[in-house]
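Quick note: numbers below take in every heavy atom, side chains included, and nothing from hydrogens, waters or symmetry partners.
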Amino acid sequence: MTEQKVQQQDESQLVAARRAKMDRWAEDLGVYPWGHREDGLTSLADAKAMFDQAAHDAQREEGAEDTRPRVKVAGRCIQHRAMGKLTFLVIRDDSGDLQISCSKAALPEEQFKVAKKLDYGDIIVAEGAVGATQKGEICVWADRFELACKSLVPPPEKFHGLSDTELRYRQRYMDMYSNPETIETFRMRSNIVSSIRAFMDAQQYLEVETPMMQPLAGGAAARPFQTHHNALDMSLFLRIAPELYLKRLLVGGMRKVYEINRNFRNEGVSRRHNPEFTMLEAYQAFGDCETMLTLTEEMIRESAKVVGDPAAISFGEHAIDYSKPFERISYGVLFENATGVSMSDESAVRAKAAELHIAGADKRNHWLLVADLFEEVAEGSIDPSRPTFVTDFPSAISPLTRPQKDDATLSYRWELFIADMEIANAYTELNDPDLQLQLFTEQLEGEDDEVAAFRTLDEDFIHALRVGMPPAGGLGLGIDRLVMLLTGNESIRDVILFPLMRSQETQSDDS
RNA sequence: GAUCGCGUAGCUCAGCUGGUAGAGCACCUGACUUUUAAUCAGGCGGUCUUGGGUUCGAAUCCCAACGCGAUCACCA
């Protein structure tokens, strides 16, 4: 019934006019509006590149042989200028735009009629010589012109494009055909991901796929989505991280593994957060967090080359240089620079927290206050235009990380910050099963809010660690955010094809 | 979840201190064989997001709901 409602809304005069035209063409000209297979198509960019000036000049002379290259092309009409016995139109595919010139003299009559009355948005196939107009516009001079698909929906404004953000996300197909830069962004995204895969494969990492539906949602602290398997009558969570499964693979004997796939977190949405987002996680046996640091820096530098000059990729106001070695500063130093107190000085930390009106300054765990203060004042002090590794995170907020040999309050963990965003996070993995069990247990005891309801001790993971996991380095890297940085998109929704939007159906159906 | 902003034709947008709706593009009819957001002439197109309220009168002011955006919160 919603379908009918939608159809009725769409059935405006504009749609009716397009239907009427389609029916008229079918009756009068025998035009089938939905096209058929076409072999030997040339992309519009390639067709344009085939233009041969000499051949073009030569054929203009009287009686000369036409040596211009011939092509068959297809695309969606985005401009249409009919001038009597001559019609120019511009079609678009994902390689670019190309003008098709239709002369009444060169086309069968019924084909010329279709060209002359074509609507914006219609998809066509044309064959002919690659030439140019008097003004020098490279075009295909069509001697075959056929409708390949009728578009029944009125198109967005041809000059300004589709700019309404809501429509752009909800009807991404409209956004893509109206705004070519959208396709370009997602082409870059694809190339970036390919370059990361190529990089990891070259390092002999094995790509694997671990469960997205998990009986226990572990490996991070976030609220999970819940679902249910009917036949097994079993509650399942969409994963919040693949970490605990990937580590099991190291236990099993794989030495280097990675996974690029979706995580799901039942949290708020923002310019930097989509409920489903893509993570790279990688684990290397006999590596440590330094191994992962080198790997990460090289990988990002390589992927930056995919989009342009890695020495200057702009993101908002910042020009970020990925070619230079990344900055490196320890969590404690950054903390002390920003707050003026040492993070290990509990009373000073409490005093500072009280000063900044941080909740629970007198009661909460010292290290949790440190983390709050860090996010409050220290994180912002990192130069957004310089990729910066923040190292030596406190152990208390790193339950899956090995504590440092000389100071157990610190851990072998870093996070990479670029443009005020957390991009990556890596550890020397904790592989001591007894300590891991202890940290998990403490973590569970410390939780008293609703988040705790989803947390359960993953006993099988502890069992796996008892079987024995080699010392290892592990990395998590947010692909969406990296793509934002490299493509200059400041909203995560612009680098996710179909970002989650509030449902419109419920509002009309429920009321 | 909180605060602020926005919601007008298919699209892009005007619409002032309240007087009952406008442009461009698109669409329809016609002219035009070298256009480039083609041009020219004529025409069609609106539950001003929705529901209340104030008022003689509301696109405009007030309240609420819905949607989108920004900031914040949440996201170790």
Side-chain angles (χ1 to χ4, degrees), chain A residues 9-18 20-21 78-90 97 99-106 112 116-117 119-121 131-139 141 151-171 174 178 219-224 240-241 263-275 277 359 365 367-368 370-372 374-375 393-401 411 413 415 422 425 439 443 446-447 449-451 455 478 490-491 493 499 501-504 506-508 510-511:
Chain A
Q9 279 170 357
D10 275 356
E11 207 64 19
S12 66
Q13 283 194 352
L14 296 173
V15 176
R18 282 167 177 254
K21 185 180 285 182
I78 57 157
Q79 287 181 44
H80 185 256
R81 296 181 282 274
M83 4 195 349
K85 299 188 180 66
L86 192 61
T87 291
F88 298 105
L89 51 108
V90 178
D97 297 347
Q99 178 168 302
I100 309 294
S101 303
C102 300
S103 160
K104 186 169 194 215
F112 181 74
K116 182 169 181 173
K117 290 288 185 182
D119 287 323
Y120 291 88
T133 63
Q134 284 177 2
K135 298 275 170 63
E137 180 79 28
I138 296 173
C139 64
W141 285 100
S151 174
L152 293 174
V153 173
E157 220 268 357
K158 67 181 171 187
F159 185 61
H160 298 92
L162 187 67
S163 60
D164 184 286
T165 49
E166 184 173 355
L167 275 178
R168 287 186 49 231
Y169 301 145
R170 287 192 195 276
Q171 300 186 16
M174 280 290 201
S178 178
R223 250 168 286 185
I240 55 175
N263 290 343
F264 306 87
R265 296 189 181 175
N266 208 338
E267 310 283 356
V269 298
S270 80
R271 242 149 66 106
R272 290 162 183 190
H273 299 267
N274 194 61
F277 62 100
N365 176 290
W367 289 104
L368 294 181
V370 168
D372 287 346
F374 183 86
E375 282 174 28
F393 268 59
S395 289
I397 55 170
S398 311
L400 293 158
T401 313
S411 66
R413 174 186 176 187
E415 285 192 1
E422 182 192 327
N425 180 17
L439 294 179
Q443 198 184 21
E447 292 290 347
D449 61 354
E450 54 180 315
V451 179
R455 290 227 185 119
E490 293 180 79
S491 169
R493 293 184 194 102
M501 301 291 277
R502 209 177 286 265
S503 165
Q504 293 180 306
T506 45
Q507 92 198 51
S508 51
D510 290 354
S511 53

Visitor: Under a 3.5 Å cut-off for both contacts, is B:G69 paired Watson-Crick or G-U wobble with anything, and if yes, with which nucleotide?
Guide: B:C4
Visitor: Look at A:K21 and B:C27 and indicate whether a side-chain polar atom (N or O) is within less than 4.0 Å of OP1 or OP2.
Guide: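 No, A:K21 has no side-chain N/O under 4.0 Å of OP1/OP2 on B:C27.
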Visitor: Applying a 3.5 Å limit to both distances, which nucleotide forms a Watson-Crick or G-U wobble pair with B:G19?
Guide: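 When the pairing criteria are applied, B:C56 turns out to be the nucleotide that pairs with B:G19.
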Visitor: May I ask you to verify if any side-chain N or O of A:S101 is less than 4.0 angstrom from the OP1 or OP2 atom of B:U33?
Guide: no
Visitor: Under 4.5 Å between any side-chain heavy atoms of A:R81 and A:V90, yes or no?
Guide: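 A:R81 reaches A:V90 side chain to side chain.
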Visitor: Between A:F88 and A:R413, which has a closest nucleotide on RNA chain B that is more 5'?
Guide: A:F88
Visitor: In a check of side chain to side chain donor-acceptor pair (under 3.5 Å) between A:Y120 and each of A:E157, A:K158, A:H80, A:Q79, which one passes?
Guide: A:K158
Visitor: Rounded to whole angstrom, note down the P distance from B:A37 over to B:C63.
Guide: 46 Å
Visitor: Does a side-chain N or O from A:T165 land closer than 4.0 Å to OP1 or OP2 of B:C68, or not?
Guide: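 No, because none of the side-chain N or O atoms of A:T165 sits under 4.0 Å from OP1 or OP2 of B:C68.
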Visitor: Provide, to the nearest angstrom, the distance between the NZ atom belonging to A:K104 and the P atom belonging to B:U34.
Guide: 15 Å
Visitor: What is the separation between atom CG on A:L368 and atom P on B:A76, rounded to the nearest whole Å?
Guide: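 Between P of B:A76 and CG of A:L368: 12 Å.
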Visitor: Rounded to whole angstrom units, what separation is found between the CD atom of A:Q99 and the P atom of B:U34?
Guide: 13 Å
Visitor: Quick check: do A:Q99 and A:T133 have side-chain heavy atoms less than 4.5 Å from each other?
Guide: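 In short, these two side chains touch, coming nearer than 4.5 Å.
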Visitor: Are any of the side-chain heavy atoms of A:D119 and A:S151 separated by less than 4.5 Å?
Guide: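 Not touching, per the 4.5 Å side-chain cut-off.
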Visitor: Does a side-chain N or O from A:R493 land closer than 4.0 Å to OP1 or OP2 of B:A70, or not?
Guide: yes
Visitor: Could you identify the nucleotide paired to B:A64, looking across every strand shown and requiring Watson-Crick or G-U wobble geometry with both distances under 3.5 Å?
Guide: B:U50
Visitor: Would you say a side-chain N or O of A:K117 is under 4.0 Å from OP1 or OP2 of B:U29?
Guide: yes
Visitor: Using the closest heavy atom to pick a nucleotide of RNA chain B for each, name whichever of A:L162 or A:Q134 lands nearer the 5' end.
Guide: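 Looking at RNA chain B, the more 5' nearest nucleotide goes with A:L162.
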Visitor: Measure from the side chain of A:P155, starting at C-beta and using heavy atoms only, and say which of B:C74, B:U34, B:A26 lies closest.
Guide: B:A26
Visitor: With both distances under 3.5 angstrom, what nucleotide forms a Watson-Crick or G-U wobble pair with B:C27?
Guide: B:G43
Visitor: Quick one about A:N274 and A:R493 (side-chain donor to acceptor, distance below 3.5 Å, no hydrogens or angles considered), yes or no?
Guide: no
Visitor: With rounding to whole Å, what would you report as the distance between B:G18 and B:C62 at their C1' atoms?
Guide: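 After rounding to an integer number of Å, I get 13 Å for this pair.
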Visitor: Does any part of the side chain of A:T401, heavy atoms only, come nearer than 4.5 Å to the side chain of A:S395, both counted from C-beta?
Guide: no
Visitor: Within less than 4.0 Å of OP1 or OP2 of B:U71, is there a side-chain N or O belonging to A:R271?
Guide: yes
Visitor: I'd like a table of atom pairs between the protein and nucleotides 37-39 of chain B - only N or O on both sides, under 3.5 Å - with the distance next to each one.
Guide:
residue, atom, partner, partner atom, Å
B:A38, OP1, A:K158, NZ, 2.4
B:A38, OP2, A:Q79, OE1, 2.7
B:A38, OP2, A:R81, NH1, 2.3
B:A38, N6, A:A82, O, 3.4

Visitor: Please report the distance separating the C1' of B:C16 from the corresponding atom of B:C61, rounded so that it comes out in whole Å.
Guide: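 My reading of the C1' atoms in B:C16 and B:C61 gives 15 Å.
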Visitor: Looking only at atom P, what distance separates B:G7 and B:A59, rounded to whole Å?
Guide: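 Taking atom P in both B:G7 and B:A59, they lie 15 Å apart.
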Visitor: Looking only at atom C1', what distance separates B:A58 and B:U49, rounded to whole Å?
Guide: 16 Å
Visitor: Suppose you measure atom P in B:G43 against the same atom in B:G5; what distance do you get, rounded to whole Å?
Guide: 42 Å
Visitor: Rounded to whole angstrom, note down the C1' distance from B:C44 over to B:G30.
Guide: 15 Å
Visitor: Is the base of B:U34 touched by the side chain of A:S103 through a donor-acceptor pair closer than 3.5 angstrom?
Guide: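 Between B:U34 and A:S103, which were checked side chain against base, a qualifying N/O pair under 3.5 Å is absent.
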Visitor: Check every atom of B:G67, B:U12, B:G10 against the side chain of A:R502 and return the nucleotide holding the closest atom.
Guide: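 From the listed options, B:G67 comes nearest.
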